[in-house]
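What follows is a set of notes on a single structure, which appears directly below.
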Amino acid sequence: DARVTAAIAEWSACMAERGYSYATPEDPAAELGDRFSQLTESGASGPALTDMQADEKATALDDRECTVEAELEEALEAAYLDAAEQVAGR
């Protein structure tokens, strides 16, 4: 859906303005999950995990602000409703 594609592009640009390099809204969780796995597998604790937690919180806040700014949830809902109407034959 073009609305979703446009909203994701706007979200990605917003995140880039904040210093991130994410193409999709799924990317932050994947990147942070990978980072956490690497930390725990290497036996990291204490300060490294505290820093990771701070980064995770900052990323989540930026993600939310960019989601709102890009009106991503609205685009997803509109696309879903349109698809549901098509399936229902309206």
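Sorted by first and then second residue, the pairs that involve residues 18-27 and meet salt bridge (Lys or Arg N to Asp or Glu O under 4.0 Å), not counting sequence neighbours, are Arg18-Asp62, Arg18-Glu65. Counting only residues at least two apart or on different chains, the disulfide (SG to SG under 2.5 Å) pairs with a member in residues 13-69 are Cys14-Cys66. Pairs of residues two or more places apart, or lying in two chains, that qualify as ring-ring contact (aromatic ring centres under 6.0 Å, His included) and include a residue from residues 21-63 are Tyr20-Tyr22.
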For residues 49-56, dump all side-chain donor-acceptor pairs below 3.5 Å to protein atoms at least two apart in sequence or in another chain.
from  : atom 1 : to    : atom 2 : distance (Å)
Thr50 : OG1    : Gly46 : O      : 3.1
Asp55 : OD2    : Arg35 : NH1    : 3.1
Asp55 : OD2    : Arg35 : NH2    : 2.5

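Here the closest non-hydrogen pair linking Pro25 and Leu72 is CG-CD2, 3.5 Å. In terms of heavy-atom proximity, Val4 sits nearest to Ala79 at CG2-CB, 3.7 Å. Smallest separation of non-hydrogen atoms from Ile8 and Ala23: CG2-O, 3.4 Å. Contact record, Thr40 with Ser37: OG1-O, 3.2 Å, taken as the closest heavy-atom pair.
Applying the salt bridge (charged side-chain N to carboxylate O under 4.0 Å, His left out) test to Asp63 and every residue at least two apart in sequence or in another chain returns nothing. Glu73 meets the side-chain hydrogen bond (donor to acceptor under 3.5 Å, both in side chains) test with Arg64; sequence neighbours excluded.
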Inset, instruction - Report the C-alpha distance between Asp82 and Arg3 in whole Å, list the side-chain angles of each, state the deciding distance to 0.1 Å, and finish with yes or no for side-chain contact (heavy atoms from CB on, under 4.5 Å). - result: CA-CA 11 Å; Asp82 286 352; Arg3 295 167 295 194; 2.6 Å; yes
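Within a 6.0 Å radius of CD in Glu77, other residues, nucleotides and ligands contribute 12 heavy atoms or fewer.
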